Protein chains: 2
Amino acid sequence: MSGPMQAFGHIRMFLLCQASTLSRRTNRVAVIRLETSMISREAPNFPINVFDLSKGQSAYRQGDTRDGWYEVTDGFIALCHYFGDGRRQVSRFVGPGDAFGFGIGLRQFSAEALTDVRLKRHTFEVAFDDTTSPIHINTPHPALRRAMEAVEGTIRLFSYTHASDRVAAFLLNFSRYDGHTETLHLPMSRQDLADHLGLTMHTVSRSICDLARRGYFQLERPDLIRISDRARLEQLVEYEPTPDHEQLVA
Amino acid sequence: MSGPMQAFGHIRMFLLCQASTLSRRTNRVAVIRLETSMISREAPNFPINVFDLSKGQSAYRQGDTRDGWYEVTDGFIALCHYFGDGRRQVSRFVGPGDAFGFGIGLRQFSAEALTDVRLKRHTFEVAFDDTTSPIHINTPHPALRRAMEAVEGTIRLFSYTHASDRVAAFLLNFSRYDGHTETLHLPMSRQDLADHLGLTMHTVSRSICDLARRGYFQLERPDLIRISDRARLEQLVEYEPTPDHEQLVA
DNA sequence: CGGGGACTTGATGGTTGTCAAGAAATGTGG
DNA sequence: CCACATTTCTTGACAACCATCAAGTCCCCG
């Protein structure tokens with residue numbers, strides 16, 4: 001019981017902070033804002049840590065538990081993902097005024113300081129009320145966090161410099177819509193794929209046909225693939241699944 | 001005055017919806033959740049539209065005013081950005097369970113139905129209280145929307161198939177940290193750039209040096225660039241600025 | 001059956017990755 | 001402050017790869 005109670009202590013402190021804020025407005029307006037906004041109105045003294053990193057240090061590392069999101073006050077940070085085979089993908093560089101570290105599940109990226117950096121950390125908090133349903137505090141909408149995760153997953157595709165690797169990685173990832181089964185249905189054209197992967201239609205077509213010829217899957221129709229030996233395909237591209245939709249807890 | 005008042009009517013309706021919700025919980029817990037959560041707790045009957053698109057139609061188009069975010073119930077959609085010179089970049093494909101359409105400013109992407117599609121639309125709402133400060137309803141945290149915008153901006157870099165175009169576009173975009181002035185300071189190494197742009201260190205170095213040789217800028221130090229003729233560089237890559245940090249209104 | 005769009009395949013030249021070496025910048029110890 | 005070591009950046013040569021242009025095939029739809 002210590003976990004939940006501890007979190008509740010936070011909330012108690014927080015409520016006191018808010019009381020003064022509320023008194024400055026009409027209740028009505030205040031309630032509207034608070035009820036419906038996806039904006040976090042963080043109270044003073046609510047856990048926001050300010051801290052510094054020197055060049056080369058990390059705010060967090062790939063694989064860490066996700067504990068909050070960050071804002072850069074000063075300096076620059078690279079958000080980078082490491083693959084098992086040594087490839088590295090920098091999702092973006094963040095500088096003064098930028099925020100990062102949303103998303104779901106474990107950290108997919110390391111946040112490495114390129115310079116000396118000052119950061120603000122906004123902690124995710126979870127408490128429990130009497131009904132045992134969790135209350136998420138300062139936590140973005142799950143749909144939004146998943147969307148962020150998906151976009152960052154797309155960026156990871158560009159760590160492949162060879163066209164057929166990139167295509168293969170995309171196909172494996174996209175097969176989540178078919179429940180990662182043998183059958184993979186493609187609703188988009190080759191041109192759409194090309195525009196997604198930064199290739200030409202021809203290269204996409206060649207890559208898919210080549211992969212099929214090399215036995216990684218069967219191309220039953222242009223838009224229907226049967227992945228006979230999934231493991232071999234995954235091995236080809238050091239496949240890393242994106243976090244499942246179920247992993248919604250911060 | 002009709003605009004704000006109309007919005008306020010929405011809120012009034014909404015408040016009534018919420019009253020019943022509140023009564024089911026202790027005020028204390030309810031206030032905590034509502035005050036601090038970045039989760040939108042949308043009331044029943046609050047504007048969520050369900051609608052269908054047939055293959056080929058668009059939920060919205062690049063350049064449209066942003067009026068809300070979407071959730072796919074069924075079917076597939078491509079989110080794609082069109083450049084002036086005919087290039088096209090598909091940021092991602094969204095399918096059942098995925099959400100899209102966050103971000104700031106005008107729509108940067110068109111949402112094109114690849115199949116017949118069923119969607120849920122969650123509208124952004126803005127109202128005004130007595131103090132004239134806007135109240136954002138069902139609107140994600142600005143920092144998060146900017147982060148989303150930034151990641152999607154990165155993806156747009158991959159629409160360039162030639163290395164030096166991609167590098168040039170990155171440099172122009174990154175110079176926002178120096179206020180889009182002549183001077184451009186790069187806090188990251190060539191390898192970091194390569195890992196960001198899906199190239200090798202060598203190609204990045206070559207691209208930068210080539211651009212300098214061709215007179216697009218001066219390379220004063222490896223990490224310090226002086227952009228003498230910004231217009232010419234922008235012309236080279238059909239530069240499109242990412243929305244400024246100031247454009248926060250939905 | 002005929003037409004048109006999407007996909008596949010071939011040939012070729014330009015671009016990039018790879019391997020290798022050299023130059024410049026940075027850091028370290030004397 | 002200088003000499004040396006180390007890292008980072010630049011450049012060259014070559015082979016592999018991809019974009020381009022062009023043609024041919026498949027499939028869907030009228």
Side-chain angles (χ1 to χ4, degrees), chain A residues 54-56 78 85-90 112 114-116 157-168 170-171 184-214 217-225 236-237, chain B residues 54-56 78 85-90 112 114-115 157-171 184-214 217-225 236-237:
Chain A
S54 41
K55 181 174 172 173
D85 58 0
R87 289 194 332 280
R88 177 170 171 261
Q89 177 66 36
V90 174
E112 304 178 354
L114 298 170
T115 63
D116 291 353
L157 290 177
F158 291 100
S159 65
Y160 300 98
T161 56
H162 288 327
S164 41
D165 296 348
R166 199 179 294 173
V167 171
F170 171 83
L171 293 178
L184 169 55
H185 188 267
L186 298 175
M188 74 292 284
S189 71
R190 296 288 187 265
Q191 185 62 59
D192 291 332
L193 276 174
D195 291 340
H196 184 53
L197 300 173
L199 303 164
T200 61
M201 190 180 61
H202 312 275
T203 304
V204 169
S205 177
R206 256 186 267 268
S207 298
I208 291 180
C209 294
D210 283 355
L211 286 167
R213 262 189 291 272
R214 287 193 275 158
F217 48 72
Q218 282 77 48
L219 192 57
E220 309 206 334
R221 285 201 319 256
D223 61 343
L224 184 62
I225 288 173
L236 178 68
V237 298
Chain B
S54 40
K55 181 173 173 173
D85 57 359
R87 290 193 330 280
R88 175 170 174 262
Q89 177 64 37
V90 174
E112 305 178 353
L114 297 170
T115 63
L157 289 178
F158 291 101
S159 65
Y160 300 98
T161 56
H162 288 328
S164 40
D165 295 349
R166 201 179 291 173
V167 171
F170 171 84
L171 294 177
L184 170 54
H185 183 63
L186 298 176
M188 73 292 285
S189 70
R190 296 289 187 265
Q191 185 62 58
D192 291 332
L193 277 173
D195 290 341
H196 183 55
L197 299 174
L199 303 165
T200 62
M201 192 181 58
H202 312 274
T203 305
V204 169
S205 178
R206 256 187 269 268
S207 298
I208 291 180
C209 293
D210 284 354
L211 287 167
R213 262 189 291 273
R214 288 193 274 157
F217 48 71
Q218 282 76 48
L219 192 57
E220 307 207 336
R221 286 201 319 257
D223 61 343
L224 184 62
I225 288 173
L236 178 68
V237 297

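A, B, ... follow the sequence lines: proteins, then strands. Residue 1 opens every chain. In this text the structure is predicted, and so the values were computed from the model without any measurement.
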Open item on the list: Return whichever of B:Met188 or B:Arg206 has its heavy-atom-nearest nucleotide of DNA chain D closer to the 5' end.
Closed with: B:Met188

Open item on the list: Return whichever of A:Leu199 or A:Arg221 has its heavy-atom-nearest nucleotide of DNA chain D closer to the 5' end.
Closed with: A:Leu199

Can you measure [X] atom [atom1] to [N] atom [atom2] for me and round it to whole angstrom units?
X        : N      : atom1 : atom2 : value
B:Asp223 : D:dT8  : CG    : C1'   : 11 Å
B:Tyr160 : D:dA19 : OH    : C1'   : 18 Å
B:Leu197 : C:dT16 : CG    : C1'   : 14 Å
A:Arg190 : D:dC27 : CZ    : C1'   : 13 Å
A:Lys55  : D:dT7  : NZ    : P     : 14 Å
B:Asp210 : D:dT11 : CG    : P     : 8 Å
B:Glu220 : D:dC9  : CD    : C1'   : 17 Å
A:Met201 : C:dT8  : CE    : P     : 10 Å

Open item on the list: Strictly distance-based, threshold 3.5 Å: is any side-chain N or O of A:Asp116 a donor or acceptor partner for the main-chain N or O of A:Lys55?
Closed with: yes

TODO: Give a yes or no on whether a donor-acceptor pair under 3.5 Å exists between the nucleobase atoms of C:dT9, that is its base, and the side chain of A:His202.
DONE: yes

- [ ] Could you label the plane-to-plane angle of the A:His196 and A:Phe170 rings as parallel, tilted or perpendicular, counting under 30° as parallel and over 60° as perpendicular?
- [x] perpendicular

With heavy atoms under 4.0 Å as the rule, sort [X] into base, sugar-phosphate or nothing.
X        : value
A:His162 : sugar-phosphate
A:Ser189 : sugar-phosphate
A:Leu193 : nothing
A:Ile208 : nothing
A:Arg166 : nothing

- [ ] Please name the residue in the list B:Thr115, B:Val90, B:Leu114 that meets the side-chain contact (heavy atoms from CB on, under 4.5 Å) test with A:Met188.
- [x] B:Leu114

Task: Passing candidate, side-chain contact (heavy atoms from CB on, under 4.5 Å) with A:Arg221, options A:Ile225, A:Asp223, A:Leu219 - done: A:Asp223

Task: B:Ser189 side chain to B:Asp192 side chain, donor-acceptor N/O pair below 3.5 angstrom - done: yes

Open item on the list: Looking only at the side chain of A:Ser205 (C-beta and beyond, no hydrogens), which of the listed nucleotides C:dT8, D:dT10, D:dA19 gets closest?
Closed with: C:dT8

Open item on the list: Side chain of B:Thr203 only, heavy atoms from C-beta on: which candidate in C:dG17, D:dT11, D:dA19 is closest?
Closed with: C:dG17

Open item on the list: Would you say A:Thr200 places a side-chain N or O within less than 4.0 Å of OP1 or OP2 belonging to D:dC18?
Closed with: no

